[in-house]
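Take this structure first; my questions come after.
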Amino acid sequence: MVTGGVTKFAKAHPAMDFRLMVKRAYDYALRDATNLTSDRIDGTRISYFSDHFSRQLKAASMVQDYLGMNPKGSVRIEWGGATGGECFQAAYEAVASGRMDVCLAAGYETMSRVATWKGNEFIALASDTNFDFPLGGFYTGYYALMVVRHVYEYLRLGKFAHVRDEREAQRLAIAEAQRVMSWVSVKNHVNALHNPYAQYPKRVSVDDVLRSEMISYPLTRDQICTMSDGAAVAVLCDEARAKEFTDRPIRVTGVGCGTDTMRLADRPFGKVPLFPHEKAADYERLSYPGVHSFRAGRAAGLEAYRMAGITDPIRQLDFIELHDAYASSEIQTYEDLGLCRYGEGYDFTLTGAPFLKHLDYGLPVPDAGKIPVNPSGGLIACGHPVGATGLMQGVFAFWQLQERIAKHFGDPTLQLEHPQRGAIHSHAGTGSSVTVSILERGY
Amino acid sequence: MAKPKTFSKFRDVQEEITRSGSAIFRDKDGFEALVVRSPYAIEYIHSYAEDSPFFLGLAEGKILGSRCTNAACRFVFATPRSHCMVCGTATQWHPLPNRGKLHSWTTCHFGSEAFLKETPYNLALVEFEGAGSVLLARLKDCTEKDLYVGMPVEARFSDQPRYSITDLWFVPART
Ligand SMILES: [Zn+2]
């Protein structure tokens with residue numbers, strides 16, 4: 001990767017249509033590179049999630065011509081919430097296969113074109129329309145079903161195993177999970193205070209998060225990402241040309257993708273695919289993935305880590321930009337990506353390991369800096385214009401590894417100290433597809 | 001004709017186009033974007049195809065799962081599918097009991113626009129004895145405070161079927 005650009009994510013950008021948003025991010029990326037002009041780009045991969053939001057079929061063709069890319073090759077990428085992550089990998093594949101020397105990955109979403117609850121309906125149409133949607137199709141409801149089971153498996157049957165009364169035990173376990181999920185929300189909102197691209201930077205406390213409106217029990221409003229308008233682009237090229245375009249190229253050393261059933265109800269109950277640092281004995285009792293974990297995320301992590309030679313992710317990764325559509329799914333994903341074992345996600349959060357050093361969260365975070373997760377603020381605080389989100393993660397990770405956060409954010413606070421390697425994680429549906437890409441300093 | 005009304009807040013633009021069909025959004029640089037109302041409605045001709053017996057079964061008060069016909073597999077799907085996801089063999093219809101247990105649950109206080117007027121509503125994943133997967137359904141006649149994983153539930157069926165998954169719902173089981 002040699003350059004990238006992002007528009008500020010916002011509730012609405014009524015003065016820009018999708019073409020102009022992408023153009024702004026693209027022009028930013030060109031300005032930030034050396035010797036990169038549009039004639040050097042061999043083709044594009046363009047991502048947006050929903051034809052319903054666009055209300056313009058084949059909208060990617062309009063991005064292609066607005067950027068002046070005709071008659072170069074292009075294809076539209078769509079894969080639910082992981083659309084942006086897939087687009088990043090599609091551009092990687094175009095270059096890695098030798099088909100292109102230089103490929104532009106561009107993505108956007110314009111979700112402000114309908115009212116919020118209509119937008120939720122559009123998103124819920126990405127669940128089975130025979131068996132799931134008519135029951136009250138609502139993604140926050142699906143994630144609530146998943147976290148309630150996660151809490152049951154790991155807190156009720158773990159920390160609260162000693163409580164005799166079943167209902168009491170489950171209430172206590174859920175209350176504990178709500179508290180820990182709020183820590184994630186605090187982390188991501190506070191990180192975003194230093195990210196000018198973020199939609200919802202704010203200083204909040206655990207109590208504020210817990211008191212925000214209940215959306216689907218046990219998830220509150222501040223634990224959930226919002227709808228956004230926004231665009232992001234990344235330019236990838238082969239190694240021979242990279243130094244022409246930047247003095248600090250970033251190498252893509254691993255790509256992984258995994259899938260699972262569209263319907264939550266179909267998730268089978270089998271064995272955990274293990275990372276090198278795990279043992280089958282760790283999970284003897286566990287039905288996997290059930291609805292509590294994301295097998296697609298585990299599969300994507302396994303593939304990407306294997307390719308990048310990562311056997312101990314917490315030691316070998318310096319940060320992760322993780323698809324935190326819900327505070328619950330960030331915690332579930334810590335486990336899927338092997339930052340801790342299955343069942344340890346809540347305790348892992350409370351050690352402070354995914355927090356940044358030197359930031360004041362109003363919480364005790366003794367292990368802060370061990371493996372910063374969502375230093376940018378993630379989806380919860382940056383927003384989630386679906387087709388742009390995975391590329392936004394790529395751009396933020398790129399700037400981190402270039403050590404140029406200060407230049408692009410106008411604020412050095414979120415810059416990690418000499419990061420060598422980071423991961424970006426993009427996630428669709430109820431975990432029906434997930435991508436993980438590994439980025440490393442290439443200079 | 002008068003020019004559409006101008007606003008600097010997007011929320012006001014949304015309200016105005018609902019009222020009059022058009023509005024102007026003025027951004028912080030003074031640029032004026034014309035915003036119009038643009039409705040869109042579709043009626044689909046939707047076949048349940050191979051899943052049809054399940055929806056016809058609900059109208060007769062039956063929950064039909066499906067079971068793999070491969071003797072070495074015999075996986076039972078609580079949400080039916082006509083071919084086995086484990087081994088690829090065709091399945092046969094397999095009646096499920098009208099009673100089950102909560103595998104997981106939630107109460108939705110908000111929802112998609114189509115379901116906002118029904119909030120709060122409960123969603124449940126229901127486990128059945130002998131089935132290897134679960135079934136998503138509404139859970140009625142109870143509130144957030146009554147619910148817990150493992151709670152016994154029993155099925156209810158609409159006596160005026162609309163041939164939708166909503167013809168089936170669950171309630172707390174009578175003991
Ligand atoms: Zn089978």
Side-chain angles (χ1 to χ4, degrees), chain A residues 11-16 52 55 112-125 128-149 151-152 156 166-167 169-171 213-219 261 263-269 290-292, chain B residues 10-11 13-14 25-29 31-33 35 38 40 46 48 51 54-55 75 77-81 85-86 103-116 118-126 132-138 144-151 164-166 169:
Chain A
K11 172 78 189 154
H13 279 312
M16 289 190 279
H52 288 80
R55 220 198 132 179
S112 68
R113 302 196 59 197
V114 293
T116 298
W117 302 114
K118 193 68 178 177
N120 272 282
E121 198 176 307
F122 287 175
I123 292 167
L125 288 169
D128 187 309
T129 53
N130 284 350
F131 287 91
D132 296 342
F133 178 80
L135 293 167
F138 184 39
Y139 257 93
T140 307
Y142 303 153
Y143 275 80
L145 287 167
M146 289 188 275
V147 74
V148 165
R149 186 68 197 186
V151 169
Y152 178 78
R156 163 62 183 119
E166 187 59 42
R167 293 176 197 222
Q170 292 191 22
R171 294 295 151 191
E213 254 173 318
M214 183 58 69
I215 306 296
S216 286
Y217 184 86
L219 295 169
T261 62
R263 296 187 295 234
L264 270 183
D266 287 340
R267 303 275 161 94
F269 304 101
V291 300
H292 50 82
Chain B
F10 190 63
R11 184 178 298 251
V13 168
Q14 276 178 289
F25 173 79
R26 182 185 288 135
D27 76 3
K28 59 183 188 330
D29 304 319
F31 180 80
E32 295 192 338
V35 185
S38 176
Y40 186 35
H46 182 70
Y48 284 122
D51 292 335
F54 172 83
F55 293 93
F75 196 96
F77 296 94
T79 308
R81 52 175 61 232
M85 188 167 61
V86 181
H103 184 72
S104 194
W105 63 275
T106 183
T107 302
C108 296
H109 297 268
F110 289 86
S112 301
E113 189 179 88
F115 309 107
L116 265 185
E118 298 168 31
T119 56
Y121 57 84
N122 307 313
L123 294 177
L125 288 163
V126 180
S133 65
V134 295
L135 180 67
L136 183 65
R138 281 276 183 104
E144 205 166 282
K145 292 180 178 48
D146 305 321
L147 303 175
Y148 62 97
V149 170
M151 182 173 126
S164 154
I165 186 74
T166 54
W169 64 91

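Protein chains get the first letters and strands the later ones, always in sequence-line order, with residue 1 at the start of each.
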Crowding at CZ, B:R26 (>12 non-hydrogen neighbours, <6.0 Å): no
Toward chain B, the part of A:F122 with a non-hydrogen atom under 4.5 Å: neither
Taking every non-hydrogen pair under 4.5 Å, which of A:V148, A:I215, A:N120, A:I123 racks up the most with chain B? A:I215
A:L135 side, atom CG; B:Y121 side, atom OH - distance, nearest 0.5 Å: 9.0 Å
I'd like to verify something: which residue of B:E118, B:M85, B:Q14, B:H103 has the highest number of heavy-atom pairs under 4.5 Å with chain A? B:H103
Between B:N122 and chain A, which part of the residue has a heavy atom less than 4.5 Å away: side chain, backbone, both or neither? neither
Heavy-atom distance under 4.5 Å between the side chains of B:R81 and A:D266, does that happen here? yes
Below 4.5 Å, heavy atoms only, C-beta onward: do A:R263 and B:L136 meet side chain to side chain? no
Select, from B:V35, B:L116, B:D27, the one with the greatest count of heavy-atom pairs under 4.5 Å involving chain A. B:L116
To the nearest 0.5 Å, what is the distance between CZ on A:R156 and OH on B:Y148? 11.5 Å
Sub-4.5 Å side-chain heavy-atom contact between A:P14 and B:F10: yes
Who wins among A:R171, A:E166, A:K11, A:H13 for the most heavy-atom pairs under 4.5 Å with chain B? A:R171
Applying side chain to side chain donor-acceptor pair (under 3.5 Å), can you list everything that pairs with B:E144, at least two apart in sequence or on another chain? B:H109
How far does CE of B:M151 sit from CZ of A:R167, to the nearest 0.5 angstrom? 7.0 Å
Below 4.5 Å, heavy atoms only, C-beta onward: do A:N130 and B:H46 meet side chain to side chain? yes
Test item: B:E113 side-chain N/O and A:E121 main-chain N/O as donor-acceptor pair under 3.5 Å: no
Can you tell which of B:A124, B:A33, B:S38 has the highest number of heavy-atom pairs within less than 4.5 Å of chain A? B:S38
Interatomic spacing from OG in B:S164 to CZ in A:F133 - rounded to 0.5 Å: 10.5 Å
OG1 of B:T79 to CZ of A:R267: how many Å apart, nearest 0.5 Å? 12.0 Å
Check whether A:A124 gets within reach of chain B through its side chain, its backbone, both or neither, counting any heavy atom under 4.5 Å. side chain
B:V149 versus A:R149, closest heavy-atom pair with distance: CG1-NH1, 3.3 Å
List in chain and number order the residues that pass ring pair (Phe, Tyr, Trp, His ring centres under 6.0 Å) with B:F54, two or more places apart in sequence or in another chain; answer none if no residue qualifies. A:F131
Which bit of A:R55 comes within less than 4.5 Å of chain B, counting heavy atoms only: side chain, backbone, both or neither? side chain
Starting at NE2 of A:H292, measure out to OG of B:S104 and round the result to the nearest 0.5 Å. 10.5 Å
Taking the side chain from B:T106 and the backbone from A:L145, do they hold a donor-acceptor pair closer than 3.5 Å? no
Could you pull out the closest heavy-atom pair between A:A265 and B:S133, with the gap in Å? O-CB, 3.3 Å
Checking A:S112 against chain B: side chain, backbone, both or neither under 4.5 Å from a heavy atom? both
Where does B:A78 contact chain A at under 4.5 Å (heavy atoms): side chain, backbone, both or neither? neither
State yes or no: are the ring centers of B:F115 and A:W117 separated by less than 6.0 Å? no
Which heavy-atom pair separates A:A15 from B:F31 by the least distance, and what is that distance? CB-CD2, 3.7 Å
Contact winner vs chain B - A:A144, A:G141, A:G137, heavy-atom pairs under 4.5 Å: A:G137
